[in-house]
Asks: 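Before I ask anything, here is the structure I am working with.
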Amino acid sequence: MIQLRDYQQKAVDSVFKSFKRYPDEHPVIGLPTGAGKSYVIAAIIEKAVTEYENVNILVLSHVKEIIEQDYNAIKNFTGRDVGLYSAGLFSKEIRQVTVAGIQSVYRKAPDFKQFNFIIIDEVHTVPLEGNGMYKTFFDAMGNIRYLGLSATLFRLGGGYIYGKDKLFNRVSYDLTSREAFKKFVDDGYLSNLKTIATNIEYDVQKIHTQNGDFKISDMSDRFDRTPITDGAIQEIIKHGENYKKWLIFAIDIEHAEHIAETLIRNNIMTNVVHSKMDDDRDMVIRNFKRGKYRALVNVNVLTTGFDDPEIDLIALLRPTKSPVLHVQMIGRGLRVSPNKSHCLVLDFGGNTEQI
């Protein structure tokens with residue numbers, strides 16, 4: 001069996017202590033990107049199945065990459081036959097332990113009535129208000145025990161995701177502080193982040209706000225301009241000379257394509273991924289991981305569930321007011337890899353100073 005790190009075991013133990021002390025409440029765990037959250041989930045499942053009778057566990061997420069990652073981690077850690085229920089992964093198997101996409105199950109609660117313990121990965125994506133997919137599913141499932149995990153225990157405009165009158169009541173374990181991050185780096189579990197001030201920095205003073213963040217169309221009109229993009233790309237090329245794998249965040253699809261075109265004109269092998277791509281997206285990501293492209297430009301896709309430890313440069317050409325989005329973007333560079341001493345972050349959007 002895979003050996004847990006000390007902090008991972010403490011996270012697992014904290015859940016069962018919380019269940020014992022607060023049987024009617026629902027805890028959350030905070031672990032940074034790259035800290036092995038999937039194996040914490042797997043260990044919680046193994047302990048629950050071993051020690052409790054008649055327990056059926058459903059692991060939920062909203063991102064195909066995370067669903068697949070959790071499914072593989074649980075199978076590898078526990079050695080159990082795990083169900084996979086996700087239209088995006090072409091599977092509808094239900095077992096005692098099942099990993100599922102919320103999009104695939106939220107209207108099908110009667111098929112999952114046997115489950116009495118639900119774990120939500122990337123729980124910061126669960127809306128705090130309204131009638132979203134998670135609320136629809138939980139309302140239909142009735143009174144059950146659930147647990148959440150995330151690298152960010154807060155939401156833009158909504159504050160912390162736990163507390164009185166919220167889906168989750170308390171934190172059982174949290175290692176998302178600056179002090180904890182420094183220890184992760186010092187212990188060699190996470191890669192250090194190095195930032196360099198860029199000559200070009202987007203001026204967001206006149207950008208309107210929509211749904212708590214900068215309005216996409218305003219940002220596109222103001223910043224998706226050839227002189228701005230050319231200048232930013234020249235800085236990326238200059239600072240990125242000794243960095244092997246670049247991940248770039250863009251405002252929208254057109255912006256991403258213009259960034260990629262500029263990089264290609266400068267002889268940088270580049271491709272683009274975005275939410276409107278289907279099978280091609282997976283192929284592009286695989287080729288990026290294999291080293292076919294030096295740079296990958298993405299739009300709201302590779303912020304969660306994307307794991308490539310070799311990423312050593314992140315360029316933020318997408319301003320945001322959201323601490324959650326900012327943490328998720330730079331988190332793509334936190335995983336350690338041989339011959340990688342740090343990950344360089346070039347923040348053209350000025351997110352670090354604003355957030």
Side-chain angles (χ1 to χ4, degrees), residues 15-16 18-19 22-29 37-38 40-75 78 80-150 153 155 158 160-170 172 275 304-305:
V15 172
F16 293 92
S18 181
F19 285 162
Y22 308 102
D24 296 325
E25 296 191 353
H26 312 290
V28 291
I29 293 174
K37 187 158 41 68
S38 293
V40 171
I41 292 172
I44 290 169
I45 289 171
E46 181 62 21
K47 185 176 177 67
V49 171
T50 302
E51 297 187 5
Y52 295 90
E53 293 183 0
N54 302 318
V55 63
N56 292 276
I57 304 172
L58 182 64
V59 180
L60 294 175
S61 187
H62 70 298
V63 177
K64 182 173 69 172
E65 288 81 6
I66 295 176
I67 296 165
E68 193 168 22
Q69 179 178 297
D70 286 344
Y71 172 76
N72 290 327
I74 295 166
K75 284 190 67 176
T78 66
R80 297 180 182 275
D81 184 16
V82 180
L84 178 63
Y85 199 101
S86 168
L89 294 171
F90 309 104
S91 178
K92 291 190 176 181
E93 295 180 341
I94 299 176
R95 302 285 188 270
Q96 181 185 12
V97 177
T98 299
V99 182
I102 186 62
Q103 300 94 327
S104 298
V105 306
Y106 80 102
R107 295 182 186 273
K108 300 180 179 180
D111 295 338
F112 296 88
K113 280 294 187 180
Q114 71 273 33
F115 289 94
N116 45 20
F117 181 20
I118 295 180
I119 300 174
I120 305 175
D121 198 355
E122 302 293 343
V123 71
H124 64 273
T125 62
V126 178
L128 299 177
E129 298 177 351
N131 296 303
M133 290 183 285
Y134 280 102
K135 187 176 187 304
T136 299
F137 187 70
F138 279 116
D139 284 350
M141 290 293 288
N143 186 25
I144 57 176
R145 173 164 284 171
Y146 40 89
L147 164 72
L149 297 93
S150 179
L153 299 181
R155 285 176 61 89
Y160 287 102
I161 62 174
Y162 59 90
K164 187 178 179 181
D165 300 325
K166 293 184 178 179
L167 184 63
F168 297 92
N169 313 97
R170 66 178 61 251
S172 68
S275 58
T304 55

Asks: Is the shortest side-chain heavy-atom distance between Thr78 and Val97 below 4.5 Å?
Replies: no
Asks: Report yes if the side chains of Ile74 and Arg80 come closer than 4.5 Å at any heavy-atom pair, otherwise no.
Replies: no
Asks: Ignoring hydrogens and geometry, is there a side-chain-to-backbone donor-acceptor pair from Thr98 to Arg95 under 3.5 Å?
Replies: yes
Asks: Kindly indicate whether the side chain of Ile45, heavy atoms from C-beta on, has any atom under 4.5 Å from the side chain of Val59.
Replies: yes
Asks: How far does OG of Ser104 sit from CE of Met133, to the nearest 0.5 angstrom?
Replies: 9.5 Å
Asks: Which heavy-atom pair separates Arg145 from Pro23 by the least distance, and what is that distance?
Replies: NH2-O, 2.9 Å
Asks: Nearest heavy-atom pair of Gln103 and Ser61: which atoms, and what distance?
Replies: OE1-O, 4.0 Å
Asks: Would you indicate whether the side-chain heavy atoms of Ile94 and Phe115 approach each other to under 4.5 Å?
Replies: yes
Asks: What class does the angle between the rings of Phe137 and Phe112 fall in, given that below 30° is parallel, 30 to 60° is tilted and above 60° is perpendicular?
Replies: perpendicular
Asks: With respect to Ile57, which candidate in Val82, Ile119, Val99 satisfies the side chain to side chain contact (heavy atoms under 4.5 Å, CB included) definition?
Replies: Ile119
Asks: Can you name the closest pair of heavy atoms from Ser18 and Ser172 and give their distance?
Replies: CB-CB, 4.1 Å
Asks: Under 4.5 Å between any side-chain heavy atoms of Leu153 and Phe168, yes or no?
Replies: no
Asks: Is the Phe19 to Tyr52 ring centre distance short of 6.0 Å?
Replies: no
Asks: Can you tell me how far CD1 of Ile41 sits from CG of Leu149, rounded to the nearest 0.5 angstrom?
Replies: 5.0 Å
Asks: Sorted by first residue and then second, give each salt bridge (charged side-chain N to carboxylate O under 4.0 Å, His left out) pair with at least one member in residues 103-120; sequence neighbours left out.
Replies: none
Asks: Check Ala100 against Leu58 and note the closest heavy-atom contact, atom names and distance.
Replies: CB-CD1, 4.0 Å
Asks: Tell me every residue that passes salt bridge (charged side-chain N to carboxylate O under 4.0 Å, His left out) with Asp121, counting only those two or more places apart in sequence or in another chain.
Replies: Lys37
Asks: Report yes if the side chains of Val49 and Gln96 come closer than 4.5 Å at any heavy-atom pair, otherwise no.
Replies: yes
Asks: What distance do Ile120 atom CD1 and His62 atom NE2 have between them, rounded to the nearest 0.5 Å?
Replies: 11.5 Å
Asks: What do the steps show when you test Phe138 against Ile118 for side-chain contact (heavy atoms from CB on, under 4.5 Å), and what is the final call?
Replies: CA-CA 10 Å; Phe138 279 116; Ile118 295 180; 3.8 Å; yes
Asks: Of all heavy-atom pairs between Ser86 and Gly101, which one has the smallest distance, and what is that distance?
Replies: CB-N, 4.4 Å
Asks: Taking the side chain as every heavy atom from C-beta outward, state whether Asn169 and Tyr22 have any pair of such atoms under 4.5 Å apart.
Replies: no
Asks: For Met141 versus Ala109, what's the shortest heavy-atom pair and its separation?
Replies: SD-O, 3.8 Å
Asks: Is there a side-chain contact (heavy atoms from CB on, under 4.5 Å) between Ile67 and Leu84 once you walk through the steps?
Replies: CA-CA 8 Å; Ile67 296 165; Leu84 178 63; 3.7 Å; yes
Asks: May I ask you to test the Asn116-Val55 pair for a side-chain heavy-atom distance under 4.5 Å?
Replies: yes
